[in-house]
**Q** 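To start, I am sharing the structure in question, which I have written as C-alpha cells.
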Amino acid sequence: MSAHPDTFPAAPLRKLSRSFYDRGTVLVAQELLGTHLVRVEDGIERIGRIVEVEAYLGPHDLAAHSAKGVTARNRTMFGPPGHAYVYMIYGMHFCMNVVTEGAGHGSAVLLRALEPVRNIVGRTQGPGLLCKAMHIDRRLDGHDLLSDDLFIAPPEATVPRLRIARAKRIGVDYAGPWSQRLLRFYVKGSAFVSRR
DNA sequence: CTCCGGATTCGT
DNA sequence: CGAATCCGGAGT
C-alpha cells in the first residue's frame with residue numbers, strides 16, 4: 001500500500017460548540033457562512049460549505065414558524081440551541097434549520113444552499129435540494145448538532161463582512177413588514193446561491 | 001372531523 | 001404560471 005497520508009484515518013472534524021449557537025441569531029446566521037455542514041450516514045461522510053442562510057427571529061417575527069407559539073411541528077425551535085429543526089414543506093421537501101439562542105427563544109437559521117465539498121450527489125441550491133443531497137429528513141428533527149452524524153465544522157477561512165450580501169427572505173410575502181427585513185445572507189458571487 | 005395553505009421545486 | 005403531495009394548524 002501507498003505511504004500517502006490519505007491512507008491514515010482522517011482526523012475527526014472539529015464541531016462548532018454549543019456556545020456558538022447560543023448567541024444572537026443574525027450574528028450566528030452570518031458566521032455560519034463558510035462553515036461546513038457534515039452528514040455521516042452508513043459510513044459515508046457528505047460535506048457541503050454553507051453559502052446561503054436566513055435568520056428567523058422568534059415569535060414576534062411573523063415569517064417564523066414560532067410566530068404561532070409552540071406547536072407539534074415547531075417545538076424543536078423552542079428547544080435548546082445547537083439542534084436541527086427539520087420540517088416537511090409542500091408535502092415533498094424538507095428544510096433544515098439550526099436552533100439559536102436560549103431554550104424558549106424560538107429562533108433559528110434556515111440553511112438554504114451549499115457548495116458541494118465531498119460526496120455530494122445532485123444540486124444543493126435551495127433548502128429542499130440541500131436536504132435531499134445531504135440525506136436529511138424529518139427523522140433528524142431535534143437532532144443534536146454536537147453529535148457525530150450531523151454537525152457543523154468551522155470554516156477554513158472566515159467569510160469577510162465585505163463578501164456577505166444581505167437580502168429579503170424568500171417565500172415569506174405573507175409576513176407583512178417582516179417580509180421586507182434583510183434577513184437573508186449569502187456569499188457574494190458564489191455560484192451555489194439558490195437565487196440571484 | 002374537514003379544510004386550507006405552505007421558509008419548494010419542476011415542468012409547461 | 002400551475003401542479004405535485006401531505007401534514008399540521010385552525011375552525012366547525
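Convention: sequence-line order gives letters A, B, ...; per-chain numbering from 1.
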**Q** Between C/dT5 atom P and A/Phe94 atom CZ, what is the distance in whole Å?
**A** 14 Å
**Q** Please state whether the phosphate of B/dA7, meaning OP1 or OP2, lies under 4.0 angstrom from any side-chain nitrogen or oxygen of A/Tyr174.
**A** yes
**Q** In sequence, state the C-alpha distance, the side-chain angles, and the governing distance for A/Phe94 and A/Arg138, and then conclude on side chain to side chain contact (heavy atoms under 4.5 Å, CB included).
**A** CA-CA 7 Å; A/Phe94 296 98; A/Arg138 193 94 215 293; 3.7 Å; yes
**Q** Flag the pair A/Leu129 / A/Thr124 as yes when at least one side-chain heavy-atom distance between them is below 4.5 Å, and no otherwise.
**A**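 Of all side-chain heavy-atom pairs linking A/Thr124 with A/Leu129, none is under 4.5 Å.
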**Q** With a non-hydrogen cut-off below 4.0 angstrom, is A/Ala72 in contact with a base, only sugar-phosphate, or nothing?
**A**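 Since only primed, P, OP1 and OP2 atoms lie under 4.0 Å of A/Ala72, the category is sugar-phosphate.
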**Q** Under 4.0 angstrom, heavy atoms only, what part of the nucleic acid is A/Arg73 near: base, sugar-phosphate, or nothing?
**A**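 Sugar-phosphate contact only.
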**Q** Mind checking if A/Met77 touches a base, just sugar-phosphate, or nothing, with heavy atoms under 4.0 Å?
**A** base
**Q** Once pairs are restricted to Watson-Crick or G-U wobble with both distances under 3.5 Å, how does DNA chain C read as a dot-bracket string, [ ] for crossings and | for other-strand pairs?
**A** ||||.||||||.
**Q** Under 4.0 Å between a side-chain N/O of A/His93 and OP1 or OP2 of B/dT9, yes or no?
**A** no
**Q** How close or far is atom C1' of C/dA4 from atom NZ of A/Lys132, stated in whole angstroms?
**A**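 Going from NZ in A/Lys132 over to C1' in C/dA4 covers 14 Å.
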**Q** Ring of A/Tyr90 versus six-membered ring of B/dG6: centres under 5.5 Å and planes under 30°?
**A**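 Per 5.5 Å and 30° rule: no stacking.
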**Q** Expressed in angstrom and rounded to an integer, what is the separation of A/Tyr87 atom OH from B/dG5 atom P?
**A** 18 Å
**Q** Looking at A/Phe20, is A/Arg23 sitting on its ring face, NZ or CZ under 6.0 Å from the six-membered ring centre and within 45 degrees of the normal?
**A** yes
**Q** What is the minimum heavy-atom distance between A/Ala29 and A/Phe185, and which atoms define it?
**A**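 Closest pair (atom of A/Ala29, atom of A/Phe185, distance): CB-CD1, 4.0 Å.
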**Q** Of the nucleotides B/dA7, B/dC10, C/dA10, which has the atom closest to the A/Arg123 side chain?
**A**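 The answer is B/dC10, which lies nearest to the side chain.
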**Q** So with a 6.0 Å cut-off around CZ of A/Arg75, is the heavy-atom count from everything else above 12?
**A**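 Atom CZ in A/Arg75 is not packed in, count stays at 12 or less.
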**Q** A/Tyr56 ring centre to A/Arg169 NZ or CZ under 6.0 Å, with the angle to the axis within 45°?
**A**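 Satisfied, under 6.0 Å and within 45°.
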**Q** For A/Lys132, does the NZ atom sit with more than 12 other heavy atoms under 6.0 Å from it, leaving out its own atoms?
**A**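 Count not over threshold, so no.
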**Q** Is atom CZ of A/Arg14 surrounded by more than 12 heavy atoms (other residues, nucleotides or ligands) closer than 6.0 Å?
**A** no
**Q** To the nearest 0.5 Å, tell me how far A/Lys15 NZ sits from A/Ser147 OG.
**A** 7.0 Å
**Q** Can you see if the side chain of A/Arg75 gets near the phosphate of C/dG8 - specifically, an N or O under 4.0 Å from OP1 or OP2?
**A**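 For C/dG8, OP1/OP2 do not have a side-chain N/O of A/Arg75 under 4.0 Å.
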**Q** Given atom NZ of A/Lys68 and atom P of B/dG5, what is their separation to the nearest angstrom?
**A**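 Nearest whole value for this atom pair: 11 Å.
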**Q** Taking CD from A/Gln180 and C1' from B/dA7, how many angstroms apart are they, rounded to a whole number?
**A** 16 Å
**Q** What residues from residues 98-119 of chain A pass a heavy-atom cutoff of under 4.0 Å to DNA chain B?
**A** A/Leu110, A/Arg112
**Q** Between A/Lys168 (NZ) and B/dA7 (P), how many Å, whole number?
**A** 18 Å
**Q** Rounded to the nearest Å, what distance is computed from the CG atom of residue A/Asn74 to the P atom of nucleotide C/dA10?
**A** 10 Å
**Q** A/Ile170 has an atom CD1; how far is it from atom C1' of B/dG6, in whole Å?
**A** 15 Å
**Q** Measuring from atom CZ of A/Phe78 to atom OG of A/Ser107, what distance do you get when rounded to the nearest 0.5 angstrom?
**A** 8.5 Å
**Q** I want to confirm an ordering. Mapping A/Met92 and A/Arg138 to their closest nucleotides on DNA chain C, which one lands closer to the 5' end?
**A**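 Looking at the nearest nucleotide for each, A/Met92 comes out on the 5' side.
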